[in-house]
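See structure below.
The residues of the chain are indexed from 1 along the displayed sequence.
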Amino acid sequence: MSRFPNDFLGRLTRIPTGGHLYGAPLLLVALIRMGEEAVFHHKGVSVHLILDYYLAYLLLYLSMLFGMRLATGRPLDILGGPMLVGLSVAFLPPLLDFLFFDMTGRGYVYFPSFHWDFAAKYMPVGETIGVWLGVFFAAVFALWLTRNPLRALLAAGFAWLSIQIFGHFWFAGSRMLYDELIGIRGVHIAGPMNVVAVLYCFALYGILHFRRLAPTLRRTVHTLPFGLIAAIGARLAGQDWVYAGLKGALFSFAFLLILVGNDHHDRAQDGLEGGEARKADANDAIFSLILQACLVFWAMAAYPPGAAPLLFFFLLGVAYHTPPLRFKRVFCLAYKIEGLAATAAFLFGVMGQNHLPEQSWVPVTALLVFGGFAAGSMFKDYKDIAQDRAGGIATAYTQTLARGRSVRKTHYFVSISLSVMLFVPSVWLWGRANAVSAVLLLVLATFPGLALLSIKTPKTAVTAALWMLSLYLAAFLAVAPNLGPP
């Protein structure tokens, strides 16, 4: 018997870790727990509840994993399996309450107020027992792993804090967001809770794998134009600044999730011709896909009109960079996907709570967004000419080089064309806002092209142009007229 703990815990540390642990196993935990509550305590079951439960356990798992990493200093490769098995205590509370405790007047809910001991009059006794067993398991595992009582105590403290975040602070923070910003519009509390959980999970995952994801996180400027387009769509449709800002921030985050997958699938290409390969691996790509799916299911429940544009946007990302499709290899098709992605962002913003506004300006503006981003996205390929040529990626630069034209002439054409295309929204704004705003935008429209032509280092030039483009779109957002219903 004395060998049992060593053998059992040793086997747990050898469970293969990876992106798959964040998917099906946690979903199974969520489904079993939800099924237990439905069978033993007559709670309803619905599709949106599956997302609620799954995100709750994903958040708890990452929090516990993060705490155990800090407490023990051991690599994640040997922590992922044990912490996942430790979540099996989630199955225990409904069984304990059904067999031994009276559930009258009690139910499995979040803690509206702080309880250090996880005990409240409205909370089943079995739940309190279950969460303290989770804390105990964390301490025992840390003690076995490190043979250090202080580290075991630290692990117990982090586990306690993780469950407090899961059981109280997550709900309390989301409740504040709901009451102050969203509740007045009739959105269910699960809406902001799910979004907060997705953001929190990504932040924890990013910290745990910072060395791999740091290069991707440094490229967040690529996400800003798409978020601003979503916000512009919302403002043009007559939605307030709160909604426009939330939609823009959410869509920028959605693009960041696509960047993670893109950087993984571009690793081999980036390493060609002396380039530096990005570090995102397959596990990161899987995790980003999981969060993308969560956002789509969230939209289906909390913001149905936005679900289709968001799903379309994510599918475009998969088609753009994932083998065997990898449409970025096909000349012009990659640029059209950029245009379609921007159109999806615009429609995500334009959509009201119930429908797409039925005004004639919507399809016309959506078409302009598509054309502008499709043609205007060529400049981003300036930084990867050598790698694109070696990897067989057909871009405006590699295609003209293959025809004997110089990079310099192509770059002048691309840079000037970008600024000329940005004149169009400025001219469009002339009769719909004050003349000063239109003139300011005309001036800002020249900045991206000037950055591309004046900065000699391609990577720096593209980054600066993206910042200038974001500045232009932010200025347009600030003066965007209300074209929606009065």
About how many Å separate [atom2] of [Y] and [atom1] of [X], when rounded to the nearest 0.5 Å?
X: L224; Y: L471; atom1: CG; atom2: CG; value: 11.0 Å
X: L204; Y: L59; atom1: CG; atom2: CG; value: 7.0 Å
X: K279; Y: F210; atom1: NZ; atom2: CZ; value: 10.0 Å
X: F314; Y: Q292; atom1: CZ; atom2: CD; value: 4.5 Å
X: L213; Y: I207; atom1: CG; atom2: CD1; value: 11.0 Å
X: L310; Y: L315; atom1: CG; atom2: CG; value: 10.0 Å

Where is the tightest heavy-atom contact between [X] and [Y], given as atom of each residue plus distance?
X: P304; Y: A302; result: CD-C, 3.6 Å
X: S288; Y: G261; result: OG-N, 4.0 Å
X: V135; Y: A159; result: CA-CB, 4.0 Å
X: P324; Y: R329; result: O-NH2, 3.0 Å
X: A152; Y: A142; result: CA-CB, 3.9 Å
X: F202; Y: F287; result: CA-CE2, 4.2 Å

Check for a donor-acceptor pair, side chain of [X] on one end and backbone N or O of [Y] on the other, with a separation under 3.5 Å.
X: K247; Y: A230; value: no
X: E37; Y: G107; value: no
X: Y54; Y: C294; value: no
X: R106; Y: M123; value: yes
X: E36; Y: P93; value: no
X: Q164; Y: F118; value: no
X: D97; Y: G126; value: yes
X: W298; Y: M193; value: no
X: S174; Y: F171; value: no
X: R235; Y: Q239; value: yes

With a sphere of 6.0 Å drawn around CZ of F114, does it hold more than 12 non-hydrogen atoms of other residues, nucleotides or ligands?
yes

Please indicate whether W467 has more than 12 foreign heavy atoms, meaning atoms of other residues, nucleotides or ligands, lying under 6.0 Å from its CH2.
no

State whether a side-chain donor-acceptor pair under 3.5 Å links Y335 with D381.
yes

Does the side chain of [Y] come within less than 4.5 Å of [X]'s, by heavy atoms?
X: I78; Y: L145; result: yes
X: L76; Y: T17; result: no
X: L27; Y: I50; result: yes
X: F346; Y: L368; result: no
X: F111; Y: F166; result: no
X: V318; Y: L289; result: yes
X: H321; Y: R326; result: yes
X: L70; Y: L154; result: no

Would K328 and D266 pass as an ion pair if we require N to O under 4.0 Å?
yes

Charged N-O contact under 4.0 Å between E338 and K380:
yes

Kindly assign one of parallel, tilted or perpendicular to the pair F226 and F373, based on the angle between their ring planes and the thresholds 30° and 60°.
tilted

Give me the ring orientation class for F141 and F137: parallel if the planes are under 30° apart, tilted from 30 to 60°, perpendicular past 60°.
parallel

Residues 251-259 side chain polar contacts: donor-acceptor under 3.5 Å, at least two apart:
{"unit_1": "S252", "atom_1": "OG", "unit_2": "T223", "atom_2": "O", "d": "3.3"}
{"unit_1": "S252", "atom_1": "OG", "unit_2": "G248", "atom_2": "O", "d": "3.3"}

Test salt bridge (Lys or Arg N to Asp or Glu O under 4.0 Å) applied to D263 - qualifying residues, sequence neighbours left out:
R219, R278

Mind checking what makes side-chain contact (heavy atoms from CB on, under 4.5 Å) contact with I129, not counting sequence neighbours?
L96, F101, V125, L133

Face-on cation placement of R33 at Y108 ring, 6.0 Å and 45° thresholds:
yes

Can you check side-chain contact (heavy atoms from CB on, under 4.5 Å) on Y61 and M83, steps first, answer last?
CA-CA 7 Å; Y61 176 63; M83 299 313 296; 3.8 Å; yes

Determine, using ring centers only, whether Y22 and Y205 are less than 6.0 Å apart.
yes

Let me see the working for F312 and T343 under side-chain contact (heavy atoms from CB on, under 4.5 Å), right down to the final yes or no.
CA-CA 10 Å; F312 184 57; T343 305; over 6 Å; no

The test is side-chain contact (heavy atoms from CB on, under 4.5 Å); show your working for L473 and I229 and say whether it passes.
CA-CA 7 Å; L473 292 173; I229 282 293; 4.2 Å; yes

Can you check side-chain contact (heavy atoms from CB on, under 4.5 Å) on L250 and L295, steps first, answer last?
CA-CA 9 Å; L250 182 64; L295 285 181; 4.0 Å; yes

